[in-house]
Amino acid sequence: MADPPNVAARRFGGREPRTHVRSDLTHVRVGGGWSYVCPLADLANREIVGHSAGPRKGADLARAAFATVEFRKAGMILPESSK
């Protein structure tokens with residue numbers, strides 16, 4: 001079976017680890033309420049390299065996730081994500 005065409009012209013693969021990171025923001029049911037989780041994934045190997053959780057979604061949750069990254073963040077590329 002052939003690979004589907006890359007109609008969006010996105011570059012997949014060929015990235016060095018710890019250079020391209022993507023974030024996600026999602027909610028999970030906890031007890032009687034909701035909590036928000038922000039994992040950071042390395043696009044080279046899909047490793048979770050940072051994370052945060054809290055009662056509200058927003059930029060503070062993303063900043064907290066980047067604060068947990070244990071490697072140098074200078075030069076890291078953050079692809080735009082869906083809203």
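In this chain, numbering begins with 1 at the start of the sequence shown. Bear in mind the structure is a predicted one, so any value in this text is a computation, not a measurement.
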Check whether any side-chain heavy atom of [X] lies under 4.5 Å from a side-chain heavy atom of [Y], and answer yes or no.
X: His20; Y: Asp42; result: no
X: Phe66; Y: Leu40; result: yes
X: Glu70; Y: Thr68; result: no
X: Phe71; Y: Val49; result: yes
X: Val21; Y: Leu43; result: no

If you compare all heavy atoms of Arg22 against all heavy atoms of Asp24, which two are closest, and at what distance to 0.1 Å?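 Nearest pair, atom of Arg22 first, then Asp24: NH1-CB, 4.0 Å.
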
For the atom pair NE2 (His27) and OH (Tyr36), what is the distance rounded to the nearest 0.5 Å? 7.0 Å

Kindly compute the distance separating SG (Cys38) from NZ (Lys57), expressed to the nearest 0.5 Å.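 Answer for the SG-NZ pair, Cys38 versus Lys57, is 12.5 Å.
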
Would a hydrophobic clustering, with Ile, Leu, Val, Met, Phe, Trp and Tyr connected at side-chain separations under 4.5 Å, put Ile48 with Val37?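 Hydrophobic grouping puts Ile48 apart from Val37.
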
Flag if over 12 foreign heavy atoms under 6.0 Å of CZ, Arg29: yes

Answer yes or no: is there a donor N or O on one side and an acceptor on the other, between the side chain of Ser52 and the main chain of Leu61, under 3.5 Å? yes

Quick one: does any side-chain atom of Ser35 pair with a main-chain N or O of Val30 as donor and acceptor, under 3.5 Å? no

